[in-house]
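Below, chain A is the first sequence line, B the second, and so on; all start at residue 1.
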Number of protein chains: 2
Amino acid sequence: MSLFTEQAVTSSDKTFFSLRKAIVEGEIPSGTKLSETELSTKYAVSRAVIREAINRLEACHIVERKANVGARVVALSQAGLEELYQVRESLEGMAARLAALNMSDEDINGLTQLLNHHASNVKSGESYYQEAGDVDFHYRIILGSKNNHLITMLVNGMYHLIRMYRVQLGMAGPRVTTAFDEHQHIVRAIRNRDPELAEMLMRRHIQYSKNNIANKLSSDNSKERTS
Amino acid sequence: MSLFTEQAVTSSDKTFFSLRKAIVEGEIPSGTKLSETELSTKYAVSRAVIREAINRLEACHIVERKANVGARVVALSQAGLEELYQVRESLEGMAARLAALNMSDEDINGLTQLLNHHASNVKSGESYYQEAGDVDFHYRIILGSKNNHLITMLVNGMYHLIRMYRVQLGMAGPRVTTAFDEHQHIVRAIRNRDPELAEMLMRRHIQYSKNNIANKLSSDNSKERTS
DNA sequence: ATCACACAAATTGTCGACAAAAGTATCATT
DNA sequence: AATGATACTTTTGTCGACAATTTGTGTGAT
């Protein structure tokens, strides 16, 4: 029961989704040049739809384009991760604040149920939690902000790039139980209708998450240097 | 001496800029249906470049598109303004925070000079300040964040929509001197390298600004009702 | 008079071809 | 051998035409 299933109506949509998935999952590696003719034969569509797909990918910062030269998949870097998470902290902090104001009581109950469901998984040792559960939690709060600008920016825009970092840097890592506690505190603040606290806790939560990834990233780098 | 002059290299760029300007300035009214064929004859380009321009406009939330139906210029509403300014508060707050950390001393000096320059204008009673000066101030802080995601989102994305609200609701209004004081306080916080305070002051500044517009908007509405 | 269906008109989506620009290789000159 | 100019190749940008979908209209039945 996914809360948000964007459905492809046009051929350009399908191509956009396919391309985005291929890039995010790393099938098309970071830094690759995206040749329009090549992709048009590979995906069996005209160059026009490829161009539109690439334009959309550019809009969510997954590829970079230069006029008369072409598009490349963005390069992942520590600095880029830092910048991305600064923006994420800002926007999701605001989302949590607004969620504390605008979520309905039913929404909040659903959120609590989700966490309870996770709690049992965490205790039983499954880390099934991380990927699906974590994004579900964050999605609900973002949607709970009831702010369409915010929702679009985060869900259609940034989250795919965030996922690209997480997938390609192999972030199936730990940080399960501590993140779970943080989630609980956030929900408590929302339930108490405390926007100030909800924002602060969400920002901290995302800062920790960033540090976790950044640490793994730099430790991977040092491993690489010594190998 | 504009800090940021995006230059059109391709024909699609030019059309995008023209269209954006026409919409923001209200020449193409809010809510208008954008016919591709019509625009292609009007701007003397092919439908392909019109489509690309419309796609880009959609990416910055200036038009809304439905598949197989078409694109319309967004409708301006109190709720939309509220949402927009919530996001703006969040992002520019973060920008001020980062500016306090990342701006060079020269950058800060330049900012101070700008304010001094404005001070003389304010005292001499010219309200030349508002439009150009205000955006210049905010631009510098946004650029001072040195965060490319943030910069792109705000400068290439949101600011045109913000300007659309300000232009079309006739915001040449007052609030000059009080905004000037707020600007000074923000710069002081940045100079003191106090990110926490800089963010808080910027957020307050934008909240006030929103209230100012919202008040004008609702008073206009009531005038309309009684006339 | 109203609703349903079918048909027509108009608009968007997709395609292949041409034009223009960037990149590459070759050759001449120093 | 290095450098610069020139021709060539490849890739992106732009265009007009066709296909598919939606919207508006009109006809007929209830």
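The aromatic rings of His138(B) and Tyr159(B) sit tilted relative to each other, their planes meeting at an angle between 30° and 60°.
With sequence neighbours excluded, the residues forming a side chain to side chain contact (heavy atoms under 4.5 Å, CB included) with Ala198(A) are Ala96(A), Ala100(A), Ala189(A), Ile190(A), listed by chain and number.
Side-chain contact annotation: Ser104(B) with Asp107(B), donor-acceptor N/O pair under 3.5 Å present.
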Practice item. Give the intermediate values and the outcome of side chain to side chain donor-acceptor pair (under 3.5 Å) for residues Ser12(B) and Thr10(B). Key: CA-CA 5 Å; Ser12(B) 188; Thr10(B) 161; 5.2 Å; no
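With hydrogens and angles disregarded, no donor-acceptor distance shorter than 3.5 Å links the side chain of Glu89(A) to the backbone of Arg203(A).
With Phe16(B) as the aromatic partner, Arg20(B) meets the cation-pi criteria of under 6.0 angstrom to the ring centre and within 45 degrees of the ring axis.
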Show me the protein contacts with nucleotides 8-14 of chain D, counting only N or O atoms at under 3.5 Å.
residue : atom : partner  : partner atom : Å
dT12(D) : OP2  : Glu36(A) : N            : 3.3
dG13(D) : OP1  : Asn68(A) : N            : 3.1
dG13(D) : OP2  : Arg51(A) : NH1          : 2.4
dG13(D) : OP2  : Arg51(A) : NH2          : 3.2
dG13(D) : OP2  : Arg65(A) : NH2          : 3.2
dG13(D) : O3'  : Thr10(B) : OG1          : 3.2
dG13(D) : N7   : Arg47(A) : NH2          : 2.8
dG13(D) : O6   : Arg47(A) : NH1          : 2.9
dT14(D) : OP1  : Thr10(B) : OG1          : 2.5
dT14(D) : OP1  : Ser11(B) : N            : 2.6
dT14(D) : OP1  : Ser12(B) : N            : 3.3
dT14(D) : OP2  : Thr10(B) : OG1          : 3.0

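In the helix from dA1(C)-dT30(D) to dT30(C)-dA1(D), the end axes, each obtained as the rotation axis mapping the C1' atoms of four pairs onto the next four within a five-pair block, lie 10° apart to the nearest 10 degrees.
Considering all non-hydrogen atoms of both residues, Asn102(B) and Ser145(B) come closest at ND2-O, 3.1 Å.
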